[in-house]
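In what follows, a single structure is set out as structure tokens and then discussed.
The structure presented is a predicted model; accordingly, all values stated were derived computationally and were not measured.
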Amino acid sequence: MSNVTTSIAKPTRFWNRLCDPGQLIPHIRDLSRTLSACRESELEREAESLRRELSSGADHTAPELLVAGIALAAEALRRGQEIELHDVQLLAVIQLARGHIAQMQTGEGKTFVAIATAAYLALAGRGVHVMTPNTYLAGRDAASAAGCLRRLGMTVGLTPEQGQPADKRSAYDCDVTYGTGHEFGFDYLRDQLTLREDARRPLGDRLLRDLRSDGGEERLTMQRGLLFGVVDEADSVLIDDAGSPLVLSLAAKGTAPDLDAHLAAREVGSMLVEDVHYRWNVSTGHISLTTEGRNRCYDDDISIPASVLLRPWTAYVEQALRALYIFRRNVHYVVIDDEVRIVDETTGRILEDRSWQEGLHQAIEAREDLVVTPEKESLAQITRQRFFRQYQNLCGMTGTAVGCEAEFLNVYRSQVADIPLCVPSARRILPHRFFATPKARHEAIVEEIARLHAVEQPVLVGTQSISDSEIIGGLLSERGLSYQLLNGLQNAEEAEIIAAAGERLMITIATNLAGRGTDIKVPEDALAVGGLHVIIAECQLSSRMDRQLIGRCGRQGEPGSAQTFISAEDTLVKRFGKWLGDTIRRDADANCETRADFTKPLRRIQQAAEKHHYLGRVELLRQDTERDTLFGL
């Protein structure tokens with residue numbers, strides 16, 4: 001009898017009594033010790049034995065199978081990465097295997113938890129998709145997983161961004177497939193297009209194809225189904241990104257056919273007056289023409305290029321107004337190689353191959369005097385919520401799931417499990433500081449950086465926009481202080497920079513979540529002077545983003561500290577708490593700083609912003625669910 005079978009060969013009633021996930025950990029430890037004496041070939045045989053049981057329909061959440069499978073995964077990790085999983089990591093694996101969202105604080109080893117979870121779930125033999133926020137993390141984690149899972153006789157694939165179908169099909173044929181969350185969604189849409197085209201073929205053609213097939217013909221689709229999904233940084237992939245649908249589109253070449261309309265709308269927009277011709281709702285970012293504004297758009301002195309209009313003339317003018325007054329360069333977008341590239345508002349990351357819809361992208365190109373490109377033709381689309389809900393078993397982990405329990409449960413049918421820290425936190429959170437102007441806020445941040453640099457303490461500054469990071473960097477240069485500035489593109493170089501942010505004397509400026517998923521090592525000499533200090537240069541619209549940044553310091557019981565700086569003109573305050581901005585300005589001293597504590601009202605307006613965006617995601621899902629989609633999903 002195999003070691004696994006022997007170790008779990010207890011009556012069913014014994015296992016059924018183990019309802020608390022923590023009760024399984026001693027049994028996993030006992031079995032892991034037994035497995036540690038196995039040769040590689042024996043370990044692979046144990047995995048094959050469990051694979052036969054799970055693939056035949058056994059419940060993968062059964063306690064005895066969880067114990068056997070997680071013990072195998074833990075042993076594979078020990079041999080492949082020389083990692084001994086802590087009890088809290090084993091607890092997280094159990095919760096993930098049961099389909100939950102595990103909240104694990106930054107630095108608690110989520111990457112290895114994902115590998116162990118994927119290894120266990122893959123024993124069912126139907127494929128596991130591990131999703132990361134970006135391509136760098138997908139490649140890094142796939143390489144780490146491959147060395148571990150091959151000890152269990154399993155394979156690991158990486159689905160390439162916009163790769164060839166054959167390469168993607170090969171990746172999906174592996175036991176575990178890594179990739180970005182959006183690429184899994186786009187591959188699903190591509191498969192649906194393939195199936196739709198095949199369904200349009202004459203019945204005779206399909207019959208002849210089936211008759212000529214010897215049974216070994218490749219399947220039409222790249223993916224082989226949506227069974228297990230493991231989502232790293234689940235709040236980013238499942239919530240933050242869910243505000244925009246997945247749209248599979250076809251880009252056209254050349255210049256936009258309605259170029260003249262965008263140029264004319266730009267000129268008209270610059271003539272219009274706020275509160276007379278248009279109204280701007282700051283909290284929603286919506287601009288609408290008034291009756292007087294609509295009439296002005298059709299005055300005799302306005303030359304309307306009617307022959308090229310693809311939508312109503314006033315729609316062009318409203319998009320021109322948004323481009324002129326709402327969307328800001330180096331905040332909402334950057335211009336690289338004479339192309340407009342969108343900046344993710346929640347991470348500060350530059351999004352490749354993305355564009356705004358309904359003519360907004362073209363309006364911004366016109367504003368920047370760039371080539372106005374044609375609008376992309378939408379081939380298929382689906383909301384991210386609707387796509388991820390199609391996984392039969394969806395789980396994930398993040399440092400900030402608590403607070404989002406209702407959305408995870410209502411949208412994805414997943415409960416949140418709060419995983420305790422391995423070592424109690426020693427992090428210090430310093431009081432917020434409030435300023436009347438961004439200029440005063442910037443100067444105070446630089447003053448604080450200089451003070452900490454004088455005692456050689458490392459500092460990581462998280463900014464909400466690229467322009468903010470450049471302003472702070474410029475002020476540091478004026479003081480002769482050197483620093484590292486991250487550009488918003490996630491790659492190996494960025495990971496190296498963020499990993500070194502904890503070194504003594506280091507100053508690092510980055511958009512809020514740059515380098516997410518990269519462990520910041522703080523050496524002993526830096527810990528001796530207080531550890532990494534994190535400065536939040538501007539509150540995000542969601543408190544989760546602030547907590548993610550704070551989580552970069554004081555990991556695993558190490559010393560560390562964090563402080564937040566806010567101005568009355570910050571985006572959060574202007575959009576959702578104008579009254580708070582007025583109060584801060586009234587209370588400010590000659591240095592434009594107020595000594596009053598506005599932390600509680602600040603939290604209230606963050607909650608208002610979070611609710612606003614939550615309702616937007618719910619409405620997007622409702623519309624997608626009610627709409628007749630191309631594929632009848």
Next item on the list: Determine, step by step, whether Thr221 and Thr194 satisfy the side chain to side chain contact (heavy atoms under 4.5 Å, CB included) criterion, reporting the C-alpha distance in whole Å, the side-chain angles of both residues, the deciding distance to 0.1 Å, and the verdict.
Entry: CA-CA 7 Å; Thr221 60; Thr194 299; 5.6 Å; no
[X] side chain to [Y] main-chain N or O, any donor-acceptor pair under 3.5 Å?
X      : Y      : answer
Tyr316 : Leu310 : yes
Thr177 : Asp173 : no
Arg384 : Asp241 : yes
Asp175 : Thr155 : yes
Asp187 : Phe184 : no
Gln381 : Leu248 : no
Gln464 : Ala537 : no
Gln103 : Val402 : yes
Glu407 : Leu238 : no
Gln484 : Ala501 : no

Heavy-atom count around [X] [atom1] within 6.0 Å, excluding the residue itself: above 12?
X      : atom1 : value
Glu470 : CD    : yes
Glu619 : CD    : yes
Gln415 : CD    : no

Rounded distance (nearest 0.5 Å) linking atom [atom1] of [X] with atom [atom2] of [Y]:
X      : Y      : atom1 : atom2 : answer
Arg622 : Leu615 : CZ    : CG    : 12.0 Å
Met545 : Asp240 : CE    : CG    : 3.0 Å
Glu569 : Glu538 : CD    : CD    : 10.5 Å
Phe565 : Asp570 : CZ    : CG    : 12.0 Å
Leu90  : Ile419 : CG    : CD1   : 10.5 Å
Arg552 : Ile550 : CZ    : CD1   : 12.5 Å

**Request:** Inspect the contact between Glu358 and Arg322 and indicate whether a charged nitrogen and a carboxylate oxygen are less than 4.0 angstrom apart.
**Result:** no
query = Would you call Lys168 and Asp191 a salt bridge, taking side-chain N to carboxylate O under 4.0 Å as the test?
reply = no
If we only count heavy atoms from C-beta on, is the [X] to [Y] side-chain gap below 4.5 Å?
X      : Y      : result
Glu233 : Thr398 : yes
Leu379 : Leu193 : yes
His182 : Leu246 : yes
Val128 : Val230 : yes
Gln390 : Ile382 : yes
Met104 : Gln95  : no
Gln606 : Asp546 : yes
Leu580 : Arg604 : no

Requested in this report: Compute whether any side-chain donor of one residue and acceptor of the other, for Asp624 and Gln385, lie under 3.5 angstrom apart.
Outcome: no
For residues Thr132 and Asp141, is any side-chain donor paired with an opposing acceptor at under 3.5 Å? no
Over all heavy atoms of both residues, which pair between [X] and [Y] is shortest? Give the atoms and the distance, please.
X      : Y      : value
Asp235 : Gln548 : OD2-NE2, 3.7 Å
Val156 : Ala146 : CG2-CA, 3.7 Å
Ser465 : Asn330 : CB-O, 3.8 Å
His432 : Ile566 : CD2-CD1, 3.7 Å
Leu227 : Arg126 : CD2-CB, 3.3 Å
Leu572 : Ala609 : CD1-CB, 4.0 Å

- Query: Which of parallel (below 30°), tilted (30 to 60°) and perpendicular (above 60°) describes Phe327 and Trp356?
  - Reply: perpendicular
Practice item. Mind telling me whether Tyr412 and Phe408 have parallel, tilted or perpendicular rings, with 30° and 60° as the class edges? Key: tilted
- Given Ile520 and Ile498, is the side chain to side chain contact (heavy atoms under 4.5 Å, CB included) satisfied, shown in steps? CA-CA 7 Å; Ile520 298 177; Ile498 207 72; 4.3 Å; yes
### Steps toward side chain to side chain contact (heavy atoms under 4.5 Å, CB included) verdict (Thr106, Arg555)
CA-CA 7 Å; Thr106 307; Arg555 298 179 176 198; 3.0 Å; yes
Step by step, work out the side chain to side chain contact (heavy atoms under 4.5 Å, CB included) result for Cys553 and Arg427. CA-CA 7 Å; Cys553 68; Arg427 183 187 301 124; 3.7 Å; yes
Just do the ring-ring contact (aromatic ring centres under 6.0 Å, His included) check on Tyr172 and His129 with the steps written out, would you? CA-CA 8 Å; Tyr172 283 118; His129 297 170; 5.3 Å; yes
